[in-house]
Enquirer: 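I'd like to ask you about the structure that follows.
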Amino acid sequence: MYNFLDPKLLPTVSTTAAAVEGYEADNLISPNHVTKARGFVAFTSITPPVNINFALICPISLRYISINAKVGTQKCTSIELLAKCPNHNEFTSIAQMNYIEEGVIFCNSRFYSKHNPPSNPRNFQLGYLKSHAFRSFINAKEIQVRILRTEWSVPCLGSVEIWGQISKSCALTTVKTVKHLINKNGIINECDEAEPQDDGNGDKVVKFDFPDDFKDALTFEIMAIPMTLPSGHTVDKSSLEKCVGNEANYGRQGSDPFTGLPFTDARKPVLNVGLKTRIDMYLLQNSHRKETFSVGRTVGVKRKIEMKSVVPIKRTIIDAIQCSSSNYISNDDGPSLSLEEAIAKATNSENFIRFTEIEKIVPEIKNECALCKVATNLYSLPCKHLFCRRCLLSSTKDQICKECKTAFSKKDVNKFHT
Amino acid sequence: MAGLSPSERRLQKELMSLMKEPPPGVVVDVDLAEQNILQWIIQMEGVSGTLYEGEQFQLQFKFSRKYPFDSPEVTFIGANIPVHPHVYSNGHICLSILTDDWSPALSVQSVCLSIVSMLSSCKEKKRPPDNAFYVKTCNKNPKKTKWWYHDDSV
């Protein structure tokens, strides 16, 4: 929540009434504390009503407006507030009050009450914004303070504070600009009672989100079993079942919720296998993110595997859809194979993709010359065989390892250190 | 967004789109809707050039946890309830998409548009013929009423 009349937020003020010299309306938004403390006093011949307009940096949602109506011994006793939304030409009255205290606080009754008033250090009288005028004060770009009555004095205003939040209709860049302006001098002028949820929403600009086409067109949830409707929209199977169930309650046949056309054999929802694969792949790649934890997944249907029975299990259509993702791994061979056999069979099949290197069994090589068994002054060949200097020199002529008959070049021979 | 139920997530999304690009003459009370996402108040203006030009109406939307598979409860509230052959003086609206013909593909925006167009096509300002009887006997919830949609012309 900000005070939008803070000079950092670049408000402008205007009035048609002439002011006493040194007490112009500009004082109300002056960055200079001495000037600001002087306030606004109209010229002696001016009589109410006097309008003072404040134009704000952006449309705001009003929380409260605190007005000090006393300058020296001058005091006004009745004030009306008006607000103007962007794109509107006229001001709408949002509050009016006659009061006896030195000032008045008009607050939004949605956020404040008698028991929960806004910060009010000088005991100003409490007034409320007209709740039926909410359209004007949740999106107010200009505020007009109208002085309606004074107490044996000229119209004046000691100070005005307009507290509120940036309107929800503002673009993100506007919000950023305002935040930037308010923090420009390193002084955070944010009120203590600003709700924490607002801070959370504002700062988290970069947020992980799923692509829109992974979301159900009806519920906006990530789909587990995407079904494409005849109308081209894709919804989750659970949503589709709910729709069809609701239609059945009215004694109607299932229909496309987007067009209302009943499903027929030629025109019915189909499982979108391509999308299903993309969703699963995306979930797999982002499985470290917290957001994916709660997303529904498909699993194979729990079925009892009967030993020695070769009778194929009858599958219903629903069954087939639900386990379509698990169909790729079939266990048609049944449990007759032992585990090792099954693994061997699986690894040899052409559908099997290996993600790790096969561990080659490397025979243990003793740290000695392969020919004369001498353990000192050894050289190693690329094939890991060791030779002493003498044996190596005798075998360099053909450059072939005497042990395994693989060729090597001179530069690949390294001194071997135990 | 993590702790939202499916109906709340969808409503949140609809609220955003209604705020960003509202249909003409329709304003949603964002603060109230954010306090309770299951109950919205929508301010509606009579379209210029129709019988309701210059009038202001308030619509109340109540959503159940089953939304969007269950239709919202939509009534006119406040001081000004439009005088229309399909709107009873207690604010209940006789509109088929609010009960039987509801489809989850409809949204708050489309319901608002339907109501605006229903009002706009009115030729004569009068209450439904059975208004007095209905208002005395009806359930508080318009969805409990067995409506007879006998007239498509208005």
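Every chain is numbered from 1, with letters handed out A, B, ... down the list of sequences.
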Enquirer: How about residues 81-89 of chain A versus chain B: which residues have heavy atoms under 4.5 Å apart?
Expert: none
Enquirer: Taking the six-membered ring for Trp, are A:Tyr282 and A:Phe214 ring centroids under 6.0 Å apart?
Expert: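 Close enough - the centres of the two rings lie under 6.0 Å apart.
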Enquirer: For a quick test of reading the model, state the closest non-hydrogen atom pair linking B:Met118 to B:His86 and the distance between them.
Expert: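 Closest heavy-atom pair between B:Met118 and B:His86: SD-CB, 4.2 Å.
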Enquirer: Please list all pairs meeting side chain to side chain donor-acceptor pair (under 3.5 Å) that have one or both residues in residues 59-69 of chain B, counting only residues at least two apart or in different chains.
Expert: B:Glu8-B:Arg65, B:Glu14-B:Tyr67, B:Ser64-B:Asp70
Enquirer: Given a strict heavy-atom distance threshold of 4.5 Å, which part of A:Phe258 is in contact with chain B: side chain, backbone, both, or neither?
Expert: both
Enquirer: Check whether B:Ser120 reaches the backbone of B:Val116 with its side chain - one donor and one acceptor, N or O, closer than 3.5 Å.
Expert: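 Here the side-chain-to-backbone pair exists.
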Enquirer: So for A:Leu218, is it side chain, backbone, both, or neither that comes closer than 4.5 Å to the heavy atoms of chain B?
Expert: both
Enquirer: Looking at chain A, which one of B:Met16, B:Lys20, B:Gln43 has the largest number of heavy-atom pairs inside 4.5 Å, strictly under?
Expert: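 Highest number of heavy-atom pairs under 4.5 Å: B:Gln43.
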Enquirer: Examine whether an atom of A:Phe220 lies under 4.5 Å from a heavy atom of chain B, and if so say whether it belongs to the side chain, the backbone or both; otherwise answer neither.
Expert: both
Enquirer: Do we see a donor-acceptor contact under 3.5 Å between the side chains of B:Glu55 and B:Asn80?
Expert: yes
Enquirer: So which residue, A:His132, A:Glu221, A:His233, ends up with the most heavy-atom pairs under 4.5 Å with chain B?
Expert: A:Glu221
Enquirer: Could you tell me whether the side chains of B:Tyr52 and B:His84 share a donor-acceptor contact shorter than 3.5 Å?
Expert: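 Short answer, no.
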Enquirer: Under 4.0 Å between a Lys/Arg side-chain N and an Asp/Glu carboxylate O for B:Glu73 and B:Lys144?
Expert: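 No, no charged N to carboxylate O under 4.0 Å.
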Enquirer: So for A:Thr219, is it side chain, backbone, both, or neither that comes closer than 4.5 Å to the heavy atoms of chain B?
Expert: both
Enquirer: Counting heavy-atom pairs under 4.5 Å with chain A, which one of B:Asp31, B:Val30, B:Leu11 comes out on top?
Expert: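 If we count pairs closer than 4.5 Å to chain A, B:Asp31 comes out on top.
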Enquirer: Can you tell which part of B:Pro6 gets under 4.5 Å to a heavy atom of chain A, answering side chain, backbone, both or neither?
Expert: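 Both backbone and side chain.
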Enquirer: With sequence neighbours excluded, what pairs up with A:Tyr128 under the ring-ring contact (aromatic ring centres under 6.0 Å, His included) test?
Expert: none
Enquirer: Check the pair B:His92, B:Tyr134 against ring-ring contact (aromatic ring centres under 6.0 Å, His included), reporting the backbone distance first and the verdict last.
Expert: CA-CA 10 Å; B:His92 289 194; B:Tyr134 175 78; 5.7 Å; yes
Enquirer: Excluding sequence neighbours, so at least two apart, what forms side-chain hydrogen bond (donor to acceptor under 3.5 Å, both in side chains) with A:Thr177?
Expert: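 A:Thr177 satisfies side-chain hydrogen bond (donor to acceptor under 3.5 Å, both in side chains) with no residue once adjacent residues are dropped.
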Enquirer: I'd like to know which of A:Gly260, A:Ser239, A:Ser255, A:Gly245 tops the heavy-atom pair count under 4.5 Å against chain B.
Expert: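 When all of A:Gly260, A:Ser239, A:Ser255, A:Gly245 are compared, A:Ser239 has the most.
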Enquirer: With no hydrogens and no angle check, is any side-chain donor or acceptor of A:Asp256 less than 3.5 Å from a backbone partner on A:Leu261?
Expert: no
Enquirer: Go through the atoms of A:Arg135 and report whether side chain, backbone, both or neither lie under 4.5 Å from a heavy atom of chain B.
Expert: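 It is the side chain, since no backbone atom gets that close.
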